[in-house]
Amino acid sequence: MNKEELKIAITEILPEITFDETGEFLNVFVPATSLLPFMNSIRSNNNFEMDYLFCLTCIDWKDHFMMVYHLHSKKHRHEFVVKAKLENRENPEIESLSGIWKTADFHEREVFDLFGINFLHHPDLRRIFMDDNWKGFPLRKDYMDENMIEI
Amino acid sequence: MKEPGYFKTIYLSVRSLLKGMKMTGYYFTHLKEIQTEQYPDNRATLVMADRFRGEVIMPHNDLNEHSCTGCQACEIACPNGTIKIITKQEILADGKKKKAIDQFVYHLDLCTMCNLCIVACPTDAIKMGHEFEHSVFDKSQLKKILNVKGSKVKAGVE
Amino acid sequence: MKTIFLISLSSLARHIHIWLEELIGNPNGVYITEMTIVGISLIVFLVVLCFFLGYAERKVAAFMQIRLGPNRVGPKGSLQIIADTVKLLFKEGLTPTAADKFLFHLAPLIMVITAMLALAPIAFAKDFQIFDISIGVLYVASVSSMAVIGILMAGWSSYNKYSLLGAMRSGAQIVSYELSVGLSLISIVILTGSLRMSDIVMSQSDGWWLFKGHIPILISFVIFIIASTAEINRAPFDLTEAESELTGGFHTEYSGMKFAMFLLSEYINLFIVSAIAATLFLGGWMPLHFGHWEGFNHVMDYIPSSIWFLGKTFIIIFIIMWFRWTFPRLRVDQLLNLEWKYLLPISMVNILVVTLMAIMGWHF
Amino acid sequence: MSLMGQDVLTEDGLFMVNIGPQHPSTHGVLHLKVWLDGETIVKIQPHLGYIHRSIEKMSENLSYRNFIFATSRMDYLSAHINNEACALTVEKGLGIQATPRAKVIRIIMAELTRLASHQLWWGCTGLDLGAVTPFFYAFRDREAINGIMEETCGARLTMNYMVPGGVMYDLHPNFQKHTKDVMASIKKNLADYDNLLTGNVIFEMRTKGVGVLSKEDAISFGCTGPTARASGVSCDIRKLFPYSGYENVQFDEILATGGDCYDRYMCRMAEMRQSVNIIEQLIDTIPEGDFQEKTKAVIKLPKGEFYQRVETARGELGVYIVSDGAASPYRVKYRSPGFSNLSALSQMAQGVKIGDLVAIMATIDLVIPDIDR
């Protein structure tokens, strides 16, 4: 499917979705609360079959977090980006996708480690890179550390 | 595919093992294939590739002149803060003031030999040296001042 | 066979014996003195042998791996092993706090002592043997299998999980491969009709068993080499060490001189296995003779018997080294598969054929 | 009794062994917690981060010219390809393309890197399976490639040869001749590789049917590169999303169906032949012209998000740059192939022996800095 067809098909699944087509991919903005059912349906829906989650990350836009999921379908060879906005900076929460794509397990642990986003129902949510008793979340823009030096 | 029988398995296995032994046996008897370089012994004859990046150096000519104008392009280009340029005001013969380098400080311990400073330099004042034996007993010795004391900017280099 | 050389190891031994009898007189005193000399010279021999084998192994490995190998200490690096030994001597011997200290210190000693014991019945040259025991082959087979006790002890007492795993592997491995080793030894014993080492060597004066025993003996020779490589835990059967899996296996926690002892015992075992193979299959110190080539046989007789013995031994050692530097390691279950599915059935059938051969007198 | 003073077994009666962070076959500082039942692996838990150097955070403070150098340190065996990915992303943001000459140089360099990386992998696989000798044969050929790299790029491992718009400087005059020589000797030496390992019965026993990864799992775990292609997943970025002129090159995507260690091994061996093939196609027809497109001294990407995928020696590397219009990226994410491939390890190593774990780790070709970044 091309971008236009994708837009129509996605709107059929979830009407309150907004799109952004400025970049290379079709960006699909999904409300954080309906992320899991939406992802479930695009994974299992025969028209989409987005079986390959090739990138999962988060962006700290200072006032909110943006979860970014790059999805690809091995069968249909189409791809788009799903984004979910997390307004709550103090305790950001979103459903884990590790039940749908196994790769999400490690990638969500990475995001949890570096951004402090709490993935609900994740099987093993621990810090992956940093020390277990590390304070703070290093990739947040407001992260400060006494060891950081200015070059 | 049918599994080979008991005796065929043995035959094929032994043959594959002998094939490997033939290979190692070949190299055991052909000593001219030896690849070892005797490193500290061949220091005199060891030629590094002309683009080899060992350290940043600042060439000076016979008159103790270099081409660095102190424009700090390299300092900005360096990703690691390896280079610090300390400038001074020089008073020229006609009374005008001009910026010139006082010290070109190079921290070899921070350098990753990425070559970005050399590419950035507008006057080709610095280049990569071929020296690669950098071990010292004291880390502070890795902080180097590249411009020789009393050196001047080459005439005509702006 | 004529004794051509006046100065041979056996005449040397006889002269020492006569000289000591004149000097001491008392037969018991002579006996004790001789034993002491034998013990000291054996230890010296083993140490020199291990230096040589260590150097040879490194050079063989290097040349097979298109490297130069040791070349800094001494001419062509020949003193490298001595330098390493000195280093190991001065190295601190660490003992894990939670280790069973007594067993931990005992294990390397057991390894070395059992390795040395197996040397006793081996004929180094004509009439030159420490102890020509009547059950020589049985003695060697039983003593050499005791090495596993040392390995198990080392692995168990180190308080290290890798060591324990390595030791347990070693147990399974040696218990299985002992069977094949034993069976291939028996095939020679059947043909010779004696367990005594000197008898076995003498039975080959008209041709080595490898040649006159036809294909069955060739098979048992190959099986012996494979199984004994496994028994002395050398690659491709070095599962007890398996440095890419268990870091160091049973000797992970050993350092300094205690580690050197494991190395020493490995090389002594390598020598013993090769010496036995040389004695049983390649005629020990017997020179190479071809049926009616009188001139050729005469020339061969001029080479001292000890050279013959050591030459054959080192050829087999080289082959075992060749294995090590060519093959990947087997997995633990495949190791046991190889023994129980291939080596053991083949050697059992082989024994039957050899027995038939011996009864019918089909060998030369 | 030793090991007995305390209960060494877990509550389930399992034997827990830490493999790594210092271990001969973890290829760096990977730490695997392994629960064993005898010699059989019941559960595996990877612990990462021993060499996490926060390259993503560093990149947020570096300019678009400077942040490329750090990626050489991620997957240091595919340094060229990592750098290329960053350069391509910046080019995508600027809306420019590298010059034709630079594109061809990039392909040749990338394939040389892939060859060198696979050779090191081959040697290490032998080493992990207990054969020491392959390591040295592998290094013989790898040294020759490194020599070419040193001659043209000035460094052997962390070349930093790619810049936005092209390559840093032109090829060395001897480059073509040396590369042809090296390709000829590599083609000859690949037969050695086969004699020593590929056909060896012990090697086949150790790898065939070991660590099977199904096609569905490979996709779900996000595996890429030879690890996934051995399971039959078509994921060669050079074919699917050609970059830097790969669309003009003839080569095959290597696919296998078994998904076991042997297939992963055979995939990489075949890929080495494909790389030689690609280099030989291009080496005589490097177009003349500029090696670098003109770019401004200070590169500023427009506001937006840019994603570029490349095929490194280990799989798909994605560089995701979020720009807010400033001179340095707002957020950089490296989607490293090793990270996803490693996550499939616990699945593959379920119920195998310790020796097999080593074989699996060897054939998924882990480079720890790539995983930890």
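Just so it is clear: chains get the letters A, B, ... in the order the sequence lines come, proteins before strands, and each one is counted from 1.
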With a cut-off of 6.0 Å (strictly less than), are more than 12 heavy atoms of other residues, nucleotides or ligands near CZ of D/R53?
yes
Interface moiety of D/T152 toward chain B, non-hydrogen atoms closer than 4.5 Å:
both
More than 12 heavy atoms of other groups within 6.0 Å of D/K180 NZ:
yes
Is it the case that over 12 heavy atoms from other parts of the model lie below 6.0 angstrom from the NZ atom of B/K144?
yes
For residues D/M168 and B/C114, report the shortest heavy-atom separation together with the two atoms involved.
CE-O, 3.6 Å
Got more than 12 heavy atoms from elsewhere within 6.0 Å of CD, B/E37?
no
CZ of D/F203 to CG of B/L17: how many Å apart, nearest 0.5 Å?
13.5 Å
Residue, of B/G54, B/A73, B/G20, B/A77, that accumulates the most heavy atom pairs under 4.5 Å with chain D
B/A77
Under 4.5 Å, counting heavy-atom pairs only, tell me which of B/Q35, B/M128, B/M113, B/M21 racks up the most with chain D.
B/Q35
I'd like to check D/V201 versus B/T9 (side-chain heavy atoms, cut-off strictly below 4.5 Å). Are they in contact?
no
Provide the closest heavy-atom pair for B/S16 versus D/G199 in the form atom of the first, atom of the second, distance.
CB-O, 3.2 Å
CG (B/L12) and CD (D/E204) are apart, to the nearest 0.5 Å, by 9.5 Å
Most contact-rich option vs chain B, by heavy-atom pairs under 4.5 angstrom, among D/I202, D/L171, D/I68, D/T158, is D/L171
Search all heavy atoms of D/C153 against all heavy atoms of B/R53 and return the closest pair with its distance.
O-NH1, 2.7 Å
Validation row: B/K19, D/D194 side chains within 4.5 angstrom (heavy atoms)
no
Run B/N115 and D/Y161 through side-chain hydrogen bond (donor to acceptor under 3.5 Å, both in side chains) and show every step you take.
CA-CA 9 Å; B/N115 209 38; D/Y161 185 54; over 6 Å; no
At a heavy-atom distance under 4.5 Å, which candidate from D/R65, D/H172, D/E151, D/E143 has the highest pair count against chain B?
D/H172
Using only atom types and a distance under 3.5 Å, with no angle test, would you say the side chain of B/R51 pairs donor to acceptor with the backbone of D/A155?
no
How long is the straight-line distance from CG of D/L196 back to CE of B/M23, given to the nearest 0.5 Å?
5.0 Å
Rounded distance (nearest 0.5 Å) linking atom CD1 of B/I76 with atom CG of D/N66:
10.5 Å
Please check if the number of heavy atoms outside B/D138 that lie under 6.0 Å from its CG is greater than 12.
yes
D/N160 and B/L116: side chain to side chain contact (heavy atoms under 4.5 Å, CB included), yes or no, with the steps?
CA-CA 9 Å; D/N160 196 34; B/L116 289 168; 4.0 Å; yes
Give the member of D/Y137, D/F67, D/F136, D/F139 that has the highest number of heavy-atom pairs under 4.5 Å with chain B.
D/Y137
Under 3.5 Å, is there a donor-acceptor pair linking the side chains of B/Y27 and D/D192?
yes
About how many Å separate CZ of D/F69 and OG1 of B/T112, when rounded to the nearest 0.5 Å?
4.5 Å
D/T133 portion near chain B, given a 4.5 angstrom heavy-atom threshold
side chain
Is there a side-chain contact between D/V163 and B/V119, using heavy atoms and a 4.5 Å cut-off?
no
Please check if the number of heavy atoms outside B/Y6 that lie under 6.0 Å from its OH is greater than 12.
yes
Which answer fits D/R156, side chain, backbone, both or neither, if we ask what part of it has an atom under 4.5 Å from a heavy atom of chain B?
neither
